[in-house]
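Each chain gets a letter, A, B and so on, in the order its sequence line appears, and its residues count up from 1.
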Amino acid sequence: MSSPEIFFYVFSALAVAFSLLVVLSKSPIHSAFSLVLVFFCVAADYVLMGAHLVATLQILVYAGAVMVLFIFVIMLLNADVENVNITKNTKFQLFSGVLCLILLAMFVWGVLNGTTSPNKGIFTQEKIDALGGNTKSLSEILFSDYILPFELTSVLLLVGIIGTVSLAKRKLEETESKK
Amino acid sequence: MNTNHFILLSLCLFFIGFFGVLVRRNILIILMSVELMLNAVNIAFIAYGRELQAMGGQIAVFFIITVAAAESAVGLGLLIALYRNLKSVSTESIQYLKQ
């Protein structure tokens, strides 16, 4: 087994183990920290696939911003209590587990017996290296072919900021009624 | 370490997240399981992008990470606004529509 394969098996096994911890932990803080570790293992898998910019963005944005937001919310709401837990209905737990396993088997069968398109694009590893690396070729395409989604995403983020602040702030009447 | 291995990893993570959304009652953990499912889909995008030798997979992941961050921020803002009335983060206390 070559060294990329060893790294792939190690990081994939860690990702699956930590994701099981996310879903099955009693405490939300344990789930949050396990999810951060899942993001790091997935970023390592991205690097193994040659997607360096996306791996860095994953760590910066997902593990560094989104999960910090989650942990702040857990702290604010004091949600680290034991009584909000997995549903006590064990029949429903069993049914969902069996459903997930059946769907997983279906998808695995479909992937192993399916084919992908024979029309391949132009970005082989040699061409990406010739263009100056993964980040350079990705950013050249992002700002030329995909400029419209890029600008629309910035509008989306602005709308998200305004919406979140207006949702989460206290109403003005509450503070004025105390005067 | 070919594409099928990465797709199997993506499927495992996706269905573990799906199980989490179905079974857990804590809204925060449901939101975290949704993030797990989004990450599984990202792995599938990059795996197929690498196999088809196109950059479209990584571009899609770039946008999915951005939109998922915005969506989780809005979702947590909603949760904070909801918590002010409910004083609880359990899905079983959201029963406003029940007669």
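Using a 4.5 Å cut-off on side-chain heavy atoms (C-beta onward), Phe14(B) and Phe107(A) make no contact. In this structure, the side chains of Thr66(B) and Val61(A) stay at 4.5 Å or more apart for every pair of heavy atoms. Side-chain contact between Phe72(A) and Leu76(B) is absent, with no heavy-atom pair separated by less than 4.5 Å. Looking at heavy atoms from C-beta onward, Leu103(A) lies in side-chain contact with Phe18(B) at the 4.5 angstrom threshold.
Ala40(B) does not touch chain A: none of its heavy atoms, backbone or side chain, sits under 4.5 Å away. Only the side chain of Leu8(B) comes within less than 4.5 Å of a heavy atom of chain A; its backbone N, CA, C and O stay farther away. Proximity to chain A involves both the backbone and the side chain of Val74(B), based on heavy atoms less than 4.5 angstrom apart. Both the backbone and the side chain of Leu11(B) come within contact range of chain A, each with at least one heavy atom under 4.5 Å from a heavy atom of that chain. In this structure, chain A has no heavy atom under 4.5 Å from any part of Ile30(B).
Under a 4.5 Å side-chain heavy-atom criterion applied to ILVMFWY residues, the cluster that includes Trp109(A) comprises that residue alone.
The distance from atom CG of Leu53(A) to atom CZ of Phe62(B), rounded to the nearest 0.5 Å, is 6.5 Å. From Ile59(B), atom CD1 reaches atom CZ of Phe150(A) across 10.0 Å, with rounding to the nearest 0.5 Å. From Leu9(B), atom CG reaches atom SG of Cys41(A) across 9.5 Å, with rounding to the nearest 0.5 Å. Interatomic distance, CG of Leu167(A) versus CD1 of Ile80(B), reported as 10.0 Å (0.5 Å rounding). Here the straight-line distance linking atom OG1 of Thr153(A) with atom CD1 of Ile64(B) works out to 11.0 Å at 0.5 Å rounding. Atom CE of Met106(A) and atom CZ of Phe15(B) lie 7.5 Å apart (nearest 0.5 Å).
Shown here for Asn26(B) and Pro28(A), the closest heavy-atom pair between the two residues is ND2-CG, 3.4 Å. Of all non-hydrogen atoms in Ala73(B) and Thr164(A), the two that sit nearest each other are O-CG2, 3.6 Å. Nearest approach of Leu28(B) to Phe70(A), heavy atoms of both residues: O-CE2, 3.8 Å. Considering every non-hydrogen atom in both Val23(A) and Gly20(B), the closest pair reads CG1-CA, 3.6 Å. Between Gln58(B) and Gly50(A), the shortest heavy-atom distance links the atoms NE2-O, 4.4 Å. Closest approach of Val22(A) and Arg24(B) over heavy atoms only: O-NH1, 4.3 Å.
Within residues 128-136 of chain A, the residues having any heavy atom under 4.5 Å from a heavy atom of chain B are, by residue number, Ile128(A), Asn134(A). Of all residues spanning residues 4-17 of chain A, those with a heavy atom less than 4.5 Å away from chain B's heavy atoms are Pro4(A), Glu5(A), Phe8(A), Tyr9(A), Ser12(A), Ala15(A), Val16(A), arranged by number.
Both Met37(B) and Val111(A) sit in one connected hydrophobic cluster of ILVMFWY residues. Membership requires side-chain heavy atoms under 4.5 Å apart, directly or through other members.
Within the structure, every pair that satisfies the side chain to side chain donor-acceptor pair (under 3.5 Å) test and touches residues 29-56 of chain B, not counting sequence neighbours, is listed here: Gln58(A)-Asn39(B), Tyr62(A)-Glu35(B), Thr116(A)-Glu51(B), Thr3(B)-Glu51(B).
Not less than 6.0 angstrom separates the ring centroid of Phe63(B) from the ring centroid of Tyr146(A).
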